[in-house]
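Comments concern the structure below.
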Amino acid sequence: MSAQKPRTLFDKIWDAHVVDTLPDGTALLYIDLHLTHEVTTPQAFDGLRAAGRGIRRPDATLGVIDHNIATDDSRYTGIVDPESRLQVETLQKNAAEFGMPLIPLLDERQGIVHVIGPELGRSLPGMTIVCGDSHTSTHGAMGALAFGIGTSEVEHVLATQTLLQKPAKNMKVEVAGNLAVGCSGKDITLAIIGKIGTAGGTGHVIEYCGDAIRNLDMAGRMTVSNMAIEGGARAGLIAPDQTTYDYIARTPDGPKGAALERALAWWKTLPSDADAHFDTVVRLNAHEIAPQVTWGTNPEAVLPITGVVPNPADIEDEAKRAQMERMVQYMGLTPGQRLQDLKVDVVFIGSCTNSRIEDIRAAAAIAKGRRVADGVRAMVVPGSGLVKKAAEAEGLDRILREAGFEWREAGCSMCLGMNPDKLTPGQRSASTSNRNFEGRQGPGGRTHLLSPAMAAAAAVSGHLADVRDYQPKESI
Amino acid sequence: MQAFTTLTGIAAPLPKANVDTDQIIPARFLKSISRSGFGKNLFANFRYKEDGSENPDFVLNQEPYRKAEVLIAFENFGCGSSREHAPWALLDFGIRCVIAPDFADIFHNNCFKNGVLPVRLPKEVCAQLIEDAKMGPNARVTVDLEREVVVRPNGEEIPFKIDPLRRHLMLNGLDDIGQTMQHAPAIDTFEAKQKAAQPWLYA
């Protein structure tokens with residue numbers, strides 16, 4: 001094409017996937033990869049069955065079981081909860097009936113859908129990727145347009161391999177400079193949400209850029225993109241570069257040989273043009289980001305670990321003051337209280353946000369030579385069977401077990417309170433997951449979101465702690 | 001999908017911002033494999049006490065709001081998880097319309113697939129409608145999708161806008177898979193072209 005107007009990474013992927021345009025501007029967008037799990041699909045398969053439809057591209061569809069299953073040995077003996085068991089069995093039955101590839105429950109590739117997609121080399125740059133799960137934004141770290149959809153849209157993609165979509169606005173989030181000691185992708189993504197708010201990205205697709213993003217490894221980038229949705233953006237992209245290509249080269253199912261060469265030629269055209277237009281631009285300086293922790297009941301209620309619980313009385317807007325009062329009360333806090341003085345009952349290291357090998361290394365580095373504090377339950381839940389295997393090969397499981405952490409099987413676990421891993425009312429958790437909503441980790445549970453290293457520091461100290469005071473005692 | 005044309009009913013006031021989908025329907029209730037039956041767990045963490053009894057302070061446990069067909073809230077309604085169980089739970093309870101200053105994107109989409117109408121109105125208008133809703137059981141609100149107006153109990157009409165395609169599908173209760181199927185030849189052509197250019201995307 002000649003003299004085309006400069007385009008963003010999002011524009012380029014979008015343009016390459018428009019099948020047709022409706023008179024009102026709605027696009028019929030082609031979907032390259034559809035990931036599915038047991039919670040948001042049963043009603044979609046019912047719809048297909050009722051209409052006599054099938055799956056258009058089984059080879060572009062992959063199922064995995066992650067939300068419901070226990071992360072202890074009970075997956076080998078049978079799922080205890082009858083409703084969970086039925087949901088899992090329903091996915092297995094639907095996969096068989098409709099010819100959908102499904103990773104078996106006891107396969108070593110089983111894991112959290114947003115961990116296994118990139119890990120297996122199925123999520124690639126330039127792709128459109130959807131899943132009935134809002135954290136599909138994770139795959140944006142691969143340089144893909146990836147977003148969460150509802151069950152009706154799951155059915156639509158199964159039947160047609162397309163979605164009806166209106167184009168989103170472009171938002172650039174630039175994180176300049178170098179990240180300070182003790183900080184990670186989690187601290188970047190929490191700091192961004194703190195700045196733009198939980199609805200700051202509504203109607204937008206974010207592109208994360210700047211040196212601090214560029215310098216992250218793929219796990220760190222996935223953590224950043226994972227939480228785009230917590231800032232209101234359905235998708236959060238990062239342009240592919242050598243870090244991305246090196247990662248893909250190590251995956252089992254990524255393109256190889258001539259196919260990889262051909263893919264690379266297209267991937268290298270994807271980064272946003274220098275003068276591409278962004279509707280909204282946000283800038284942060286990485287060196288100003290301190291280790292972050294949330295204090296309230298949405299991810300925007302976040303502060304540096306050195307902070308204190310805010311005082312609702314300082315807020316003028318009545319509705320906002322009422323919301324803050326509710327948060328302070330629900331979380332069992334006192335205004336002015338130091339965050340570092342908050343004792344924790346449970347530490348959860350896992351979820352699609354932070355359960356990759358790099359996350360487990362970061363936690364093990366802090367845990368090594370230390371002990372989980374008395375009265376604290378600390379669990380590490382790898383994001384997939386392959387992550388678990390890799391961690392065990394490195395001896396990370398031993399370090400963590402010796403420090404008193406539980407070492408568990410892969411799954412969503414305590415991120416969302418729909419499997420046996422949940423908080424009891426009033427329990428306070430330091431969690432590497434993505435949502436601190438009321439009741440998210442179990443009714444009445446109180447969640448503080450933070451990085452894996454910060455979570456490990458909380459486990460060994462027994463309270464929210466500044467990871468910079470707990471640097472590794474020895475290298476691992 | 002049930003068509004939505006016009007509705008006159010009781011509106012429940014929920015003057016809160018950032019009502020997330022974990023509040024609308026907590027994850028522990030997502031285990032059903034059917035689309036119905038979620039209404040009893042709508043806002044479960046607020047509607048019921050720990051012992052399972054009703055919390056009389058929550059709006060949907062009060063008269064006349066037990067029969068609410070419209071819900072009025074503040075900013076960023078439906079943020080969080082993509083679960084379509086959120087509109088299913090609203091619908092199963094009997095709520096066909098949510099009015100708020102703005103909605104999270106995925107929830108907003110999901111509503112249209114289920115005949116639940118999300119209406120965006122400025123915050124001060126939402127605040128006014130909330131005051132109206134508190135007046136009593138006769139203070140009913142009308143939501144007219146055909147004319148794109150909300151009618152206050154005093155007769156005042158407030159215009160709103162819905163995307164024309166979505167409005168058309170909603171007014172007629174149309175399934176958009178059927179609509180997309182009409183584009184099958186274009187999908188075939190796209191796939192043939194993509195397969196030639198990007199063979200690694202095909203098994």
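Heavy-atom basis, side chains included; hydrogens, waters and symmetry copies ignored. Just so we're clear, the structure is a prediction, and the values are computed from it rather than from any experiment. Chain letters run A, B, ... following the sequence lines, proteins first, then strands; residues in each count from 1.
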Contacting moiety of [X], where chain A heavy atoms sit under 4.5 Å:
| X | answer |
| --- | --- |
| D176(B) | both |
| F46(B) | side chain |
| P199(B) | side chain |
| F103(B) | backbone |
| E75(B) | neither |

Could you grab the distance from atom [atom1] of [X] to atom [atom2] of [Y], nearest 0.5 Å is fine?
| X | Y | atom1 | atom2 | value |
| --- | --- | --- | --- | --- |
| W200(B) | E261(A) | CH2 | CD | 11.0 Å |
| S32(B) | Q87(A) | OG | CD | 8.0 Å |
| L416(A) | D22(B) | CG | CG | 7.5 Å |
| S84(A) | R28(B) | OG | CZ | 13.0 Å |
| R262(A) | Q198(B) | CZ | CD | 9.0 Å |
| N110(B) | T151(A) | CG | OG1 | 7.5 Å |

Could you tell me whether the side chain of [Y] reaches within less than 4.5 Å of the side chain of [X], counting heavy atoms only?
| X | Y | result |
| --- | --- | --- |
| Q323(A) | K16(B) | no |
| Q179(B) | L22(A) | yes |
| T40(A) | E84(B) | no |
| E50(B) | P443(A) | no |
| T162(A) | I187(B) | yes |
| T180(B) | L164(A) | yes |

[X] portion near chain B, given a 4.5 angstrom heavy-atom threshold:
| X | value |
| --- | --- |
| T202(A) | both |
| A16(A) | backbone |
| I149(A) | backbone |
| V154(A) | neither |
| L124(A) | side chain |
| E155(A) | both |
| K320(A) | neither |
| H67(A) | neither |
| A199(A) | both |
| R57(A) | side chain |
| P299(A) | neither |

Check your understanding: Going by atom types only, do D32(A) and Q194(B) share a side-chain donor-acceptor pair under 3.5 Å?
Key -> yes
Shortest non-hydrogen separation from [X] to [Y] and the atoms involved:
| X | Y | answer |
| --- | --- | --- |
| K31(B) | M418(A) | CE-O, 3.0 Å |
| G132(A) | S82(B) | C-OG, 3.5 Å |
| G148(A) | I106(B) | O-CD1, 3.6 Å |
| G80(B) | I229(A) | O-CG1, 4.2 Å |
| A203(B) | D59(A) | N-OD2, 3.0 Å |

Contact leader toward chain B among [options], where contacts are heavy-atom pairs under 4.5 Å:
| options | answer |
| --- | --- |
| L86(A), V18(A), T90(A), T198(A) | T198(A) |
| H135(A), E230(A), K166(A), K422(A) | K166(A) |
| A263(A), G444(A), A159(A) | A263(A) |

Could you pull out all donor-acceptor pairs under 3.5 Å where a side-chain atom in residues 120-129 of chain B meets a protein atom, sequence neighbours excluded?
residue, atom, partner, partner atom, Å
Q128(B), NE2, D132(B), OD1, 3.3

Practice item. Only counting residues at least two apart or in another chain, list the ones meeting side-chain contact (heavy atoms from CB on, under 4.5 Å) with R147(B). Key: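 In terms of side-chain contact (heavy atoms from CB on, under 4.5 Å), with neighbours along the sequence ignored, R147(B) is linked to D144(B), V149(B), E157(B).
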Only pairs of heavy atoms separated by less than 4.5 Å count here; which of [options] has the most with chain A?
| options | value |
| --- | --- |
| N45(B), D20(B), N114(B), L201(B) | D20(B) |
| T189(B), T21(B), D163(B) | D163(B) |
| H85(B), M1(B), H108(B) | H85(B) |
| A104(B), P164(B), S34(B) | S34(B) |

**Study point:** NZ/NE/NH1/NH2 to OD/OE distance under 4.0 Å, D175(B) and R53(A)
**Key:** yes
Check your understanding: Would you call D188(B) and R56(A) a salt bridge, using N to O less than 4.0 angstrom?
Key ->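 Salt bridge: yes.
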**Study point:** Stepwise side-chain contact (heavy atoms from CB on, under 4.5 Å) test for L30(B) and E83(A)
**Key:** CA-CA 9 Å; L30(B) 305 187; E83(A) 285 183 294; over 6 Å; no
Check your understanding: Residues of residues 434-442 of chain A under 4.5 Å from chain B (heavy atom pairs)?
Key ->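 The list, in residue order, reads R435(A), F437(A), E438(A), G439(A), R440(A).
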Review point. Would H183(B) and V19(A) count as a side-chain contact (heavy atoms from CB on, under 4.5 Å) if you check the C-alpha gap in whole Å, the side-chain angles of each, and the deciding distance to 0.1 Å?
Key: CA-CA 9 Å; H183(B) 297 264; V19(A) 171; 5.6 Å; no
Exercise for review: Tell me the residues of residues 57-69 of chain B whose non-hydrogen atoms fall below 4.5 Å from those of chain A, in number order.
Suggested key: none
